[in-house]
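Notes follow the structure.
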Amino acid sequence: MTRKLTNAQIAWRAAQDIADGAYVNLGIGFPEMVAKFQPPGRQAVFHTENGVLGFGEAPPAGQEDWDLINAGKKAITLKPGAAFFHHADSFAMVRGGHLDVAILGAYQVAQNGDLANWSTGPKGVPAVGGAMDLVHGAKRVAVITDHVTKDGKPKLLEACTLPLTGVGCVTRVYTSLAVVDIEGGRFVLREKLPAISLDDLQAVTGARLHLDGAVGDLVVPEL
Amino acid sequence: MTRKLTNAQIAWRAAQDIADGAYVNLGIGFPEMVAKFQPPGRQAVFHTENGVLGFGEAPPAGQEDWDLINAGKKAITLKPGAAFFHHADSFAMVRGGHLDVAILGAYQVAQNGDLANWSTGPKGVPAVGGAMDLVHGAKRVAVITDHVTKDGKPKLLEACTLPLTGVGCVTRVYTSLAVVDIEGGRFVLREKLPAISLDDLQAVTGARLHLDGAVGDLVVPEL
Amino acid sequence: MDKRIPNLAEAIAGIPDGATVMIGGFGGSGAPIELIHALIDRYLATGSPRDLTVINNNAGNGHVGIAAMIEQGMVRKMVCSFPRSADPRVFTEKYLAGEIALELVPQGTLAERIRAGGAGIPAFYTPTSYGTDLARGKPVAEFDGRPYVQERWLKADVALIKAELGDHYGNLTYRMAARNFSPLMAMAAARTIAQVTRAVAPGGIDPEHVVTPGIFVSGIVEVANPAQEEALNRADAAYPPARPQEVQA
Amino acid sequence: MDKRIPNLAEAIAGIPDGATVMIGGFGGSGAPIELIHALIDRYLATGSPRDLTVINNNAGNGHVGIAAMIEQGMVRKMVCSFPRSADPRVFTEKYLAGEIALELVPQGTLAERIRAGGAGIPAFYTPTSYGTDLARGKPVAEFDGRPYVQERWLKADVALIKAELGDHYGNLTYRMAARNFSPLMAMAAARTIAQVTRAVAPGGIDPEHVVTPGIFVSGIVEVANPAQEEALNRADAAYPPARPQEVQA
């Protein structure tokens, strides 16, 4: 398989689509990385489900205040203009459609926008957190993910086989190989790495990639 | 008809049943008078629907702050330990069952606890305010009222004829002649003015008054 | 990001004919008088916006604020719990003449429906109004043996509210009982404009004391010495004030 | 009225076997460690309370707080959104062994169900979980062409929460993100006990800054220097701490 983007590069690409002043929720783990790559001159306001709006990066080691954490339970800092609120108000922001964008990880995404990102099946202890709320609240739900699973299987599918997080909720997927929109129940290819051919990209994608005008080059800096 | 209690005396009698530390909502108008007659050594915490807990009496004339008002839009003052909150939190207190008692006025009360106190019929401009919320929220809903209407008709009835505020919600009625509980769909007479006979009281009551043990004397100070 | 709007005219620009407008306040406390009067100015100058649906606990008092909007003929429908006041003449006359519609909602249901609109809850159940005329036509369901009425969310195109402090991000605090419906309306409107008594830089409000986080606010406009509706009415004010030449004519 | 309780043992007395207990906190922030450990002390001394249903976002971390309650065998069922943590061993082992039940609830639905319990709303509709395994068996309804899941309120016999300031009337403030579920749980429990870092006289909290009004609080107990669950876990703490003689034996 061809060279692919690193997680940081995928996060960078997703960050380019976030407008100045946007209210943004980043999923736990890999998506948190998106905050680092805001384009110069743009400043999003980050929301975390546990009740903080307007937080900044992690404090230096040793200076953590464990009453000031994000949904991933990592220590954070505040920016001027931050606010605290309780969980019902926090999820009113989420579920009431007040977030401009939520960027989440994925196990699988289907061409109709279905997302599976909370459970890999019936074994082990299930845990869902705020994922099912975020997918039905934010004005735009985007996914960042490797294009394929660790063992090379497609993550972009005709239909999810894993338990769903939400139905028809994802509108854009940033992968290690491409940027794909979900429109009218179809994957529409918007950008791909210049080095990969359409056929090779289709071969590692579990559903038909449609074209709608020119496919852009997915060009990102070294990170 | 016999001598009857003044409004102040009815309010005084109702105030005697309010425990120290109780959370209390008093309806607009006549019920507001109850606050003046708390027995010595007892201090209730008064709630007003528009978002204040722990308010006190009216300020001296000329010292009103019109951002600090009660549900009747009268100027109030704060006691130490007061709190402000928005309307949804205020009605969470009401509808979530957190108030110990609500004391309301009435046009009519039925023996099954139905209350009519918001509308005298289809003419004019209807207005309901928080009455329909209060009757379904407080742990105890009591009514204070003259025993009869201005033209001498009974207000305690087998069934209300005016539009209802709530169904089966009132448990005690303090009138100008008697204290009547509502139990098992019946009026149970608890106290009456010593000067009125049972027959005379029954004659101005629109439903059967039941007895359950001795009837106390309704004795109140001159006010 | 800076949500400050330089003046009242700009703050209320763009509210279209037929809009649903939530207006904060309970009686005079929290009434955004200056925003309302700016809207009236625009209507008098341009004939727009008209046919408004206004959501407020009351239906105006005297001849200022919402009463003045109604008097000028800008309002098609009121959604409120208590359309009475010390001087409810303006609404009462139009209502009895069939010139304005009224949706009467119990006060707590009104608050909760607005919150539901802001929180993404299309419907909820409440015991309030069960068995009364105000529940007519609404679905009823039983939970744990008790009957409840189903109520729907309320949303608006615009909310006009009055706050105390507001920072550039739109974080707000309120003054005493003037808080009332405003934090809920801020959540439930597509666009929320707050007149604030003092605009402060980000950091000027302690994050612990923010009542309405900026995510719910589209713009703030500073009105340093806001009028109090109650005080205006006690002074028999009217809006727009009668002009000398009109009085003579 | 004075809601102060002199000590932790008295604060948690009277919680019966089989009770449903809401416990504030999101991870370590806001976890009322001292109240929980006092409850464990009582259980170890008396065998009660047991068979508890515990409602918390998580299912404990390490060997302190809720994890220690589970480890001691006091908990029959957890209601939570994310029963995972840095060290979820205690819950995980009991869960996989079938010794503890789990009701998994999406985080926002959990928060809203608790608020509904406090606000007298027996049921509401949300798009969250529609079409997923977690909506199985729940009523579905369509509003304005979109499908929603019906969720029921959550209530509790007792809420144990951690606050910052508390006055004699039970008015509370919180510290930063430690606020999380506590204001909601305070509303939804028949009895709410708050450990507060500082008890103040009435008037010691600005009425504008009260987050939980005292009507939702039954008692406060001052714990001046509360432990932070995260810090305890980073120090490999356990509760009860191993006693010297046990270590030797």
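The chains referred to below are lettered A, B, ... by the order of the sequence lines, with proteins before strands, and numbering in each begins at 1.
The distance from atom CD1 of C/Ile215 to atom CG of A/Leu99, rounded to the nearest 0.5 Å, is 4.5 Å. For the atom pair CZ of A/Phe85 and CZ of C/Phe216, the computed distance is 7.5 Å after rounding to the nearest 0.5 Å. Rounding to the nearest 0.5 angstrom, the gap separating the OH atom in C/Tyr169 from the NZ atom in A/Lys79 is 7.0 Å.
Residues forming a side chain to side chain donor-acceptor pair (under 3.5 Å) with C/Ser129 (at least two apart in sequence, or on another chain): none.
Within a 6.0 Å radius of CZ in C/Arg198, other residues, nucleotides and ligands contribute 12 heavy atoms or fewer. Around CD of A/Glu57, the count of heavy atoms belonging to other residues, nucleotides or ligands within 6.0 Å does not exceed 12.
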Let me have the donor-acceptor pairs involving side chains of residues 9-31 of chain C, under 3.5 Å, with sequence neighbours excluded, atom names and distances please.
unit_1  : atom_1 : unit_2  : atom_2 : d
C/Asp17 : OD1    : C/Ser48 : OG     : 2.6
C/Asp17 : OD1    : C/Arg50 : N      : 2.9
C/Ser29 : OG     : C/Phe26 : O      : 3.1

Just do the side chain to side chain contact (heavy atoms under 4.5 Å, CB included) check on C/Met1 and A/Tyr23 with the steps written out, would you?
CA-CA 11 Å; C/Met1 182 170 44; A/Tyr23 290 95; 4.0 Å; yes

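Between A/Ala82 and C/Val210, the shortest heavy-atom contact is O-CG2, 4.0 Å. Of all the heavy atoms in A/Ala88 and C/Arg115, the pair that sits closest is CB-NH2, 3.9 Å. Across A/His98 and C/Gly118, no two heavy atoms sit closer than the pair NE2-O, 2.7 Å. When all heavy atoms of C/Pro213 and A/Met93 are compared, the pair lying nearest together is CG-CE, 3.5 Å. Across all their heavy atoms, C/Pro202 and A/Pro80 have their closest contact at O-CB, 3.6 Å. For the pair C/Asn171 and A/Ala83, the tightest heavy-atom approach, listed with the atom from each and the gap, is OD1-CB, 3.9 Å.
Residue contact with chain A, scored on non-hydrogen atoms closer than 4.5 Å, is absent for C/Lys155.
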